[in-house]
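Working notes, structure below.
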Amino acid sequence: MNSPMIYALLGITLFSVGLYGLIVREHLLRKILALNIMGSGIFLMLVALGKRSAGELPDPVPHAMVITGIVVAVSATALALTLMLKLVEASGSAVLHDAPKDRS
Amino acid sequence: MIEAPFLLPLIIIVPLLLALGVVIRVTQRVAIKIAPWAALPALLAGLLLDDGKLQLPGMLINSYLLFDNTGRLFLLMSAMLWLATGLLHQAYSGALYAQQKVVFKLLAMAGCFLMPLAGDVLMFMAATTLAGYSLYGLLAQEKNRTTREAVNVMLVVLVVGDIVLFELLQLLGMHAVSVDFDAMRQAFVMTEQMNVQFGLLLFGLGAKMGLLGLHFWLIPVFITSHLALRPALISFIFSAGFIAWLRLFPLGEVYYPAIGALLQWGAWLMLGYALLLGVRQTHRRGVLAVILMTVTALWLSIVAALLIQPELWLSMSRSLVLAVIQMGLVMSALLIGQGLLKHKPTLKHSYALTVCLAIFLLAVAPVSLIRHFDSANSLTVTSLWIGAGIMMFLLWRTHFLLLASAEDSSYSKVLKTSHKGRSVNRYLFPGLVAVALVTAVPNLKFLSAITAFSFLLLFASMLLIAWLSRFYKPTEPSQLTSGFIVQQFKQGSSAIMEATQYLDIYSTRLRKGITKRFSPKFVLSHFSWYERSLNRWSVALIIMVLIGLLVSVQGLLNQ
Amino acid sequence: MGDLLTDAHWGVLLILLPLFGGLCSFLWPSAVKFIGLATVSAVALSVVGLGDQLLATGVYHHAVGGWGAPLGIDLYADGLSLFMLMVTALVGLGVSIYALDYFDQDEARRFWPLWLLLLGGLNALFLSADIFNLYVTLEIVGLAGVGLASLSGGGAALDGAMRYLMATLLGSLCYLLGVALLYHSAGTVDIPLLAERLESTPPVWAALGLICAGLALKTALFPLHFWLPKAHASASAPVSALLSALVVKASFYIFLRLWLEIFSVRTEGVDDLLGALGMAAIIWGSLQALQQTRLKLMIAYSTVSQVGYLFLVFPLAAIGTFSAWSAVAYLVLSHALAKSAMFLVAGNLMHFGGHDRIADLDRAVQRLPITVGAFALAGVSIMGLPPSGGFIGKWLLLNEALNQGRWDLVFVMMIGGVLAAAYIFKVLGFAFTQAPVTHEPKGVPAVMEWSALLLAVAAIVVGFLASPLMLILGIGETVELMGAGQ
Amino acid sequence: MNWHAWIPLFVVVSSLLPGLIIFGLPEERVGWRTLLNLTGAVIKLLLVSWMIWGVYQGDHFETRLALLPDLDLVLRAGPLSLFFVALSTILWLVTTVYAIGYLEGSPNRSRFFGFFSLCVTATVGVALAGNLITFLLFYELLTLATYPLIVHRGTDTARRAGQTYLRYTIFGGALILLGTVWLYQLTGTLEFTPRGFLSQIDPQHYPALKIIFALLIAGLGVKAALFPLHGWLPQAMVAPAPVSALLHAVAVVKAGAFGIVRVIYDVFGVEFSADLGVTTPLAWIAAFTIIYGSLRALFQDDLKRRLAFSTVSQVSYIALGVAIAGPIATIGGVVHLVHQGLMKITLFFCAGNLAETLGIHKVSEMNGVGRRMPWTMAAFTIGALGMIGAPPVAGFISKWYLGVGALEAGQDWVLLVLMGSSLLNCAYFLPILYSAWFKPTPKSWPEEHHFGRQETAWALLLPPLITALMALAAGLLTGLPFSPLEWAKIIAEREFYQP
């Protein structure tokens, strides 16, 4: 079990923890946090996989992917937070109402 | 005689054009004035035109007009009767619905003239339907309820008769090479289910001629029909009934003793029934309806004889037609005679004389046919004698009852004296009897001495018995059998109506029940609970994880 | 001039134009309408340019910035992507014309930049050649979609948008993890290279599972459709038209692209699973649509049902017959056109009556004949009745299903057609009748009505253009792989 | 001569174009609308008569448009298609005149006439279709075009009637689509060939062919109002009179019957379907519908519902005639296509007149109406007598050929059915005539409109008279060369029983 495999496994556990959090937690802020954890789990795995080519220099492609991933994750989180604030402003609670009100 | 077949359609077109004239408001007054003389072209054609055949290219299915001997005789009879109807109609019909009556009269006239001329079966059917429905239109105008009920029954019987006849023609049509009469006769000869087809023919034509089972509309219609309509009625019955027998049924070519015997006994049964019914009749014209039934019975016995000995037909065909025409004319004369007397009471004595002559002519017609039969079919000969006897007895009986109770109002209805009785109407009754005498002459020529003597003996005895029987006057009203059957008919049909009405309501309620239970809303309302649960966030994500696992497991399975 | 047209880099232009247009409209809000319309029509023209270039020279391949496959981002356009670009351009044009009059000034200021970004993302998605690039463009499309969805600012809109955002992000993350695993096992993200190197190892199956789940969530396949109705129904009309017609199709395109290239050989079980989910989607979507009392919700559920039709192709295409794929392409095109027309009609009716309750469509047919006519024509295509594009798609799919004896698919398609007819004619029925309470209507600008009619008529006319469209679909080897030679 | 290639298309377009233009016309442009309608009708009539003359000489008219790579839309003018096209064109002209008079002053007329022309386009398309796919296209177009006419009044009952109409017809359309696709799978071609293109299919497909036949006939049976699928017709009577006259008596119902004739003769081939054993069940169903329709008609007090049930029973004559696989029975069935059309449209016109002029909807209200409106009732009488099968009017010819054909094909039970149905026809038509002509007129009519001296507006009075005269002429003058009967014979010998 060389070190990259451990990190990859750690990444996957982070991903599943995030997924669990997303499923169970009601509050929107917690859901956004869960999403971020899942994202960082994937990035960790990508970086771990970078150490696969023979030489000591790591494979550049995963790193490129991680950078783009981080950029995307940041913008997504920003949008999510502003949307949540607007939602709280509009409907008073930061919880997605499952019972659809307008079930006329 | 002028050789001009192309004039034939004129006979039918003139009445139709006049009918159109009456309908269109502009030419209405002129058309109504000419209407009574619409039968003239037919009369002239009957007298002057030579025998001929006219092919009508476009009409129906390659149909043509045929003008032969029987056609001429029946055309002449119809022309005279319709002339009488026209004159009487103008004189005595009420103002109510005058225009509609004239139209129906002209249409019926066209139908009756087309019947003797029709060369093929479909044209004949068209003629009978046209005449039948318009006559129904005429008769249904009557004010009192009994006529309308009887006329409704008549319509039902006529319609059913037409449909049965149509089916018979279709059965024949399969074998027949084309639609005209002689092809149909060939088909009739070579068919194998003869009894089925003869039964259909009997039923179809019996409906019009007052066969035993289908006679109940005759008596009320004869009694209550308006004075002007009676000759038209006789013309329709005789041409719709007898022409079809002569044209459609191959009288001379079919040898079928089984049906002949059966028919003979049927004829005897009808004669007996007619006698019974005639005696119970109170009204004069009711008796004449019974006379018509006797004539039909005699006709059936002659047909039975021909079925047993087909070769007789050649010799007697012409005299048979003459006898039928003679009987028709005499009956229509008797029908209108009484009515005319009512309008002109002064003619009492000449009326009695012409009635006596009419009864003689009516009875002598069947007797004059006896010379054609030999000992082989004695049953027919005896039935002819009995028929003549019954007719004389019934007529004399009514005559005596009439004389005995000239003052008793319940017995003979007094018509209100109409205002403008035209002078020519006075000669209608004796005129018709004279024409009947002319037609009787060729038959009387061959009358052998013995038959003439025995006939006079019968004539005197019937006179005597009738005079004796005038003391037995029936008490309750006359239409015993026909009224009862009309009642049954009405109750039966209304019962069927209610039963099927209930069926209809029940089926609609059943259908509504089913559709309510399986209506979309009812089924769909169950689904909304599942939809709400699916919308919950957590449930959705769990399903998503499941799908992911399922897909990856597939990869493992088909490794 | 001729060769300039043929060898110009239309692909690059297709991506740059919308982005540049978006930026300009953001900077100069006063002229936003003009810039927006100009950009969209320019994009449409360049799609035509790309089209005849592809017809002339076959598959279009361009390495952005000169770098090769493993590292650089390649643009790749074959028959299928050209088809999707065409769909996007057509629907985009129609919706843009509609949006000119729909939004007032300050709403337009926010609508156009987002819409042009979305258009750029979509074009990039259809042109990208590697799976990570697909992820990036998918993310752009998702975020732009969420932005647009929350545009109308109401409580319901925000709730719908939040739900939509959560679903999109989750789907993309799963997809990203799948990409990571694929990269781990194959060492490359380029689709053609991936196709050769992949063999069935556990990480590949895990990747397959994750990608399927992620994309199914983003395409709102039956059990995962919870976010779509509320998001599409609460958004404003042109936005819901775009979301329903284009965005949902984008993730399905990725599904299709990966299925054709990478996963097609290895997995029969998955095909049947997707087919079963598709069938369930058709029935479930139609039944729900039948029950809705509000027009926009009904149209949204109709999208859920029509998406089910698209997934029916997977069990049929196991042996890669061309007619099955052309059927799906046809269904995508006609559904996009018809659904966008329907949402624009819903927008008109909202604008006209102030509500979209189906029961109170008071004599709409007499007062808004063009709009209801557009709805009827679009309905004909959704139901798959003969003169329309929907019918051709349904006919090809039925042929394929009967050919392979798949009676369950045939039966479900029949029921789908009848149920679709049920809910569409329910609306038409009410459009004809006199509602109990009549309300005073507000006039609807002609441009909005005519643009809806334009899209609906396009959905019908597409039915008659079967052979040329099949020709376009046949460009590029992906389709040969599907045995296009049949 | 490429002209022949485009005429069928012109015939279809000649009613499509006016329809689309009329949609655009504003409401008060009555003059333009009438002009467009009538010119469209006249042009179509001219083109059709040219084609009839051409086909009589043996020319060939066919338009082919590519739809799918190996399937294209075909419009071909054969004797059978021209027969139906001629009927619908003539009756369209007459009904347009009637509709103009009938809808005087009522709202949404542009919409009405627009959809009216679309319906005729669809009917003509159904008639001219050269293969099953084109037939299906126009068949579904007919459903779409007739729906707005049924719900034209805008009342809730109209909407519900429209709903049931759609439930039946959409279901029927789905069945036909399934049958067509399956047939296409089995045979690879859908072209109508005179003696059917299925005879050389290998026997192991026979059970499949039986199911396909059942599917197609069920789909067509919906519009031809065969027994279990007839529910929509009486309810569709809520539509205005011209709609129920042209559509539910002639166009829509006949499209179904025409489809059955096409499927049996040009797809399966009559001998093949006879020994496939599928025609006898169809004959049973048709016979049962005849009796059932007449029975239900007996108890309808509403005049138009009674006529609707009478249509249900009369259209099944055509199905019966075709299902008895004999040449003469076919002639009877096919000629009834025209005769029933002429007679039934007269009856519906008169029903419309009564409703429009005197406000009479019920049979019980029709006492003495013969005196108030003699000409209308004369036309009604001719139509009714025709329905009963009374000789001078057209009905009896088809009954005659059906009867003789059935006997010749050895199916004697058909004669009983015909007899029974004629009796039932009398039972529900004669009381109407009796109460109209012979009962005294009531003191006042429900809502009477006076039109000066004549009984009702010219536009309402002329059409029923014209169609009644046509029915009478079709009955009386069947010998003429271009009469419906002669043309039916040409169809039988050219298209169905070639040597």
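We name chains A, B, ... by the order of the sequence lines, and we start the count at 1 in each one.
Using a 4.5 Å cut-off between heavy atoms, C:Ile140 does not touch chain A at all. Neither the backbone nor the side chain of C:Phe226 comes within contact range of chain A; no heavy atoms are under 4.5 Å apart. Contact annotation for C:Leu173: both backbone and side-chain heavy atoms come within less than 4.5 Å of a heavy atom of chain A.
The closest side-chain heavy-atom distance from A:Ser91 to C:Asp159 is not below 4.5 Å. Between C:Leu176 and A:Phe15 there is no side-chain heavy-atom pair separated by less than 4.5 Å. Using a 4.5 Å heavy-atom cutoff, the side chains of C:Val189 and A:Met65 are in contact. Side-chain atoms of A:Thr68 and C:Tyr135, non-hydrogen and from C-beta on, never get closer than 4.5 Å to each other.
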* Evaluate the criterion side chain to side chain contact (heavy atoms under 4.5 Å, CB included) for residue pair C:Leu158 and A:Glu89; output intermediate values, then yes/no. => CA-CA 10 Å; C:Leu158 286 173; A:Glu89 206 178 279; over 6 Å; no

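Here the shortest heavy-atom pairing between C:Leu170 and A:Leu19 reads CD1-CD1, 3.8 Å. For the pair C:Leu169 and A:Ala76, the tightest heavy-atom approach, listed with the atom from each and the gap, is CD2-CB, 3.5 Å. The two residues A:Ala80 and C:Met162 make their nearest non-hydrogen contact at O-CE, 3.8 Å. Shown here for C:Leu143 and A:Ser75, the closest heavy-atom pair between the two residues is CD1-OG, 4.0 Å. Residue A:Leu87 comes nearest to C:Gly155 through the heavy atom pair CD1-O, 4.3 Å, listed as atom of the first residue, atom of the second, then distance.
Taking A:Thr82, A:Val71, A:Leu35 one by one and counting their heavy-atom pairs under 4.5 Å with chain C, the maximum is reached by A:Leu35. Ranking A:Leu79, A:Leu22, A:Ile32 against chain C, the residue ahead of the rest is A:Leu79, based on heavy-atom pairs under 4.5 Å.
Rounding to the nearest 0.5 angstrom, the gap separating the CG atom in C:Leu181 from the CD1 atom in A:Ile12 is 6.0 Å. Rounding to the nearest 0.5 Å gives a distance of 7.5 Å between CG of A:Leu46 and CZ of C:Phe132.
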